Amino acid sequence: MIIMKFGGTSTQDAAAMLNVTEIVKSHLHKHPFVVISAIAQATNQLEQMCNLAKSGDLEGGQVVLKNFIKRHLYIVNQAITDPVEKIAINTKINNIGEELAELIRGVAIIKELTPRILDKFYSYGELLSSMIVYHIMKEKGIDSLWIDTKDFMITDDNYNRALPVMESVHDKLISLTGDLLKEGKTLVTQGFIGFTLDGDRTTMGRESSDFSAAIIGSVLNAEDIQIWTDVDGILTGDPNIVENPKKIKVLSFEEAYELSLLGAKVLHPNTMLPALEKNIPIHVFNSKRPQISGTLVSNSANTFTPQNASVIKSVTYKTNINLINIRPKVRSTPFVFWEHIFNLFTKYKINPLLTSTSEFKFSAAFETKSNIDSLKHEIGEIGDFKIKEGLALISLVGSNVLHDYSLNEKIFSEFRRTKINFMSFGTSESSISFMIPVDHFKETVRRLHQIFFETQDDSNIFESLQTTNIITPDKEA
Ligand code: ADP
Ligand code: ASP
Ligand code: MG
């Protein structure tokens, strides 16, 4: 069996959903289990409607809700032909609209939006899109079955970034699927959302439908986890920023993990973990050009790179990064100081992207969305600190990056022109990272891309894209 996960841009309208159905149809012989994300922008709309309600703008929230429901009804009206079926699906969508309207009213009254309630809101995006795709597939002759993640995707109650309880997921999914796939049923479910044992909806972090696909794939021992998106595969740079990205043919799990962790939006970083454990390949394919080969993420990727050879495969970035520098108030022993700091990170569940220590100084890079404010008070008790806000983190990702000294010259020739606030060189064999002022990040990414990918051509690893494939800038975040 295979997993086929379709992202928001692959399900954004009726034509896209019909296209998904055709792609699934052409893979029926492989027994697909289909994982569907919310339609493009739907999760953002859900977030917007409840935030408006929370701020007291109930009317604003209702307008967003109306538009959200209208988009789904429009898709059904265009994609489903049977009038009876159409009415039945529209009724389900309108019922969901009423549930959401009630929730919004509740948030507007109490003016509070807890992570638990936010997850309840979020869940409707995937519930609706997967339900519509399921009905379209059925109408187009695919023998399919819609499965609610509440019946198998059991998670902890860490709302907004829950993690699966793998034993429960395993037992429930195995008993739920039984021989259905073997018998030719195509199963359709939601990405992103889960359920606690106490019966609450959870989500596993924004963009985590890829992770859902990998979890299901690993439990069912899939032969392939296919991530269908709107670009030809994993590219040498973000196509919204660099002009001539190339497709990377193969990456190791480690390279893909590092790349996504350091910013490349194309895969959620957690996706690689379940796949790696079972050594299941991940393919990234373009749903708009299903005929092309995509990118393979697999341990066999290592065989494409001569052993110990140094290779840079992509340049990536993250913005909205803060840097904290801390010095202890009392110079006792350095390890006591470090212990204090790491205890605080653990206590407040703060996960630094990079850290560096030098005896009595400690620096760490965080995403601004980390809950750093919560620990400021306690850090202040043990040390003096400064926070530099609004930086960008730029990383070069590949394998054995420290082996080829000639890379140093290439990299630092670029950084002659840009201030470096912080860098990580030597911690990982798969990446080199620099923090710089955010105003320079686009030119820096572009120039590094030129230096590393636009002058050399290694057809074992990279493949040129046709210019027609360059996608429009600044689409959905
Ligand atoms: P989906 O909705 O299918 O999950 P995403 O928007 O999450 O799709 O991820 C695909 C997008 O990731 C692409 O459209 C592209 O803009 C962006 N992206 C950023 N960096 C890269 C990269 N290195 N390779 C491919 N895509 C990238
Ligand atoms: N719909 C969710 C989001 O927008 C999950 C996903 O698309 O992967 O974050
Ligand atoms: Mg995504």
Side-chain angles (χ1 to χ4, degrees), residues 4-12 16 20 35-48 68 118-119 121-130 149 160-162 190-194 202-215 226-242 244-249 251 255-256 258-271 284-289 294-295 297 312-319 394-398 445 448-449 452-453 462-463 465 469-477:
M4 301 180 80
K5 175 261 168 177
F6 293 89
T9 43
S10 301
T11 55
Q12 65 188 347
V20 163
V35 178
I36 300 289
S37 284
I39 63 174
Q41 291 295 353
T43 312
N44 290 344
Q45 283 187 308
L46 289 160
E47 200 172 282
Q48 204 188 352
F68 171 88
L118 179 60
D119 273 353
F121 272 94
Y122 275 154
S123 67
Y124 288 99
E126 269 71 10
L127 287 170
L128 278 170
S129 60
S130 63
T149 40
N160 304 170
R161 45 178 183 178
Q190 309 86 53
F192 181 46
I193 66 177
T202 53
T203 60
M204 298 191 281
R206 292 298 307 267
E207 310 283 343
S208 64
S209 293
D210 306 326
F211 181 35
S212 310
I215 295 166
Q226 301 184 349
I227 305 294
W228 290 82
T229 184
D230 63 346
V231 279
D232 282 356
I234 303 182
L235 309 178
T236 50
D238 180 351
N240 296 302
I241 296 218
V242 303
N244 295 303
K246 290 178 183 166
K247 188 187 86 180
I248 310 165
K249 289 184 181 173
L251 289 102
E255 288 169 337
E258 202 104 346
L259 190 58
S260 54
L261 197 70
L262 293 169
K265 193 176 168 240
V266 59
L267 283 180
H268 188 282
N270 289 356
T271 314
V284 178
F285 289 128
N286 189 345
S287 61
K288 302 199 169 79
R289 308 206 307 156
T295 292
V297 178
I312 299 281
K313 292 198 177 165
S314 191
V315 53
T316 188
Y317 65 92
K318 265 181 179 260
T319 53
I394 305 213
S395 308
L396 290 159
V397 178
V445 168
L448 283 170
H449 190 269
F452 281 94
F453 307 109
F462 306 111
E463 205 172 284
L465 303 182
N469 187 47
I470 305 302
I471 54 156
T472 46
D474 298 326
K475 46 173 219 46
E476 184 189 7

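For clarity, every value in this text was computed on a predicted model and none was experimentally measured. What you see below is based on every heavy atom in this structure, not just the backbone, and it leaves out hydrogens, waters and symmetry mates. Start at 1 and go down the list; that is how both ligands and their atoms are numbered.
- In this structure, the side chains of I241 and Y317 come closer than 4.5 Å at one or more pairs of heavy atoms.
- Ligand 1 has no nitrogen or oxygen under 3.5 angstrom from a nitrogen or oxygen of D210.
- Where the criterion is an N or O separation shorter than 3.5 Å, residue side chain and backbone included, D210 fails it with respect to ligand 2.
- Contact annotation for L259 and ligand 1: no heavy atom of the residue comes within less than 4.0 Å of the ligand.
- In this structure, Q190 and L127 have side chains that are in contact, with non-hydrogen atoms separated by less than 4.5 Å.
- Residue K313 places no heavy atom under 4.0 Å from ligand 1.
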Evaluate V315 against F452 for side-chain contact (heavy atoms from CB on, under 4.5 Å), listing each step before the verdict. CA-CA 9 Å; V315 53; F452 281 94; over 6 Å; no
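- In terms of N/O distances under 3.5 Å, ligand 1 is not approached by P239.
- In this structure, a donor-acceptor pair under 3.5 Å is present between the side chains of D119 and T203.
- Checking G8, S209, G7, A38 against atom 6 (C) of ligand 2, the nearest heavy atom belongs to S209.
- Considering each of I39, N286, D232, D230, the one bringing a non-hydrogen atom nearest atom 11 (C) of ligand 1 is D230.
- Ligand-side atoms of ligand 1 in range of T9: 2 (O), 3 (O), range being under 4.0 angstrom from any heavy atom.
- One N or O on the side chain of S212 and one on the backbone of F192 form a donor-acceptor pair closer than 3.5 Å.
- The shortest N or O to N or O distance between S10 and ligand 1 is not under 3.5 Å.
- Counting only non-hydrogen atoms, the option in D238, T43, L235 that gets closest to atom 20 (N) of ligand 1 is D238.
- Checked by atom type and distance alone, the side chain of T271 never pairs as donor or acceptor with a backbone atom of L267 at under 3.5 Å.
- Each of the following atoms of ligand 1 lies closer than 4.0 Å to a heavy atom of K5: 4 (O).
- Per-residue contacts place T43 under 4.0 angstrom from the following atoms of ligand 2 (heavy atoms of the residue considered): 1 (N), 2 (C), 3 (C), 4 (O).
- Contact between P245 and ligand 1 is absent, with no heavy atom of the residue lying under 4.0 Å from the ligand.
- Residue contacts with ligand 2, taken as heavy atom pairs separated by less than 4.0 Å, involve E126 solely via side-chain atoms from C-beta onward.
- H449 pairs by the side chain to side chain donor-acceptor pair (under 3.5 Å) definition with T236, E454, not counting sequence neighbours.
- Judged by distance alone, with hydrogens and angles left aside, the side-chain atoms of S130 form a donor-acceptor pair with the main-chain N or O of E126 at under 3.5 Å.
- Classification of the F285-W228 ring pair by plane angle, with boundaries at 30° and 60°, yields tilted.
- Between K265 and D238 there is no salt bridge, since no side-chain nitrogen of the basic residue lies less than 4.0 Å from a carboxylate oxygen of the acidic one.
- For the side-chain hydrogen bond (donor to acceptor under 3.5 Å, both in side chains) test with D232, the passing option among K246, R289, K288, K247 is R289; the others fail.
- At a 4.0 Å heavy-atom cut-off, ligand 2 does not touch A42 at all.
- Of the charged side-chain nitrogens involved, at least one lies within less than 4.0 Å of a carboxylate oxygen, so that E47 and R206 count as a salt-bridged pair.
- When each atom of ligand 2 is checked for a heavy atom of E207 under 4.0 Å away, the hits are 3 (C), 5 (C), 6 (C), 8 (O), 9 (O).
- Remark: ligand 2 atoms within the under-4.0 Å shell around heavy atoms of R206 are 3 (C), 4 (O), 9 (O).
- Contacts of K318 classified as salt bridge (charged side-chain N to carboxylate O under 4.0 Å, His left out), with partners at least two apart in sequence or in another chain: E367.
- Close approach to V231 involves these atoms of ligand 1, each under 4.0 Å from a residue heavy atom: 13 (C), 14 (O), 25 (C), 26 (N).
- Not a single heavy atom of G125 sits under 4.0 Å from any atom of ligand 2.
- Among E207, H268, Q12, the residue whose heavy atom lies nearest to atom 7 (O) of ligand 1 is E207.
- When heavy-atom distances to ligand 2 are checked against a 4.0 Å cut-off, S37 comes that close only through its side chain, counted from C-beta outward.
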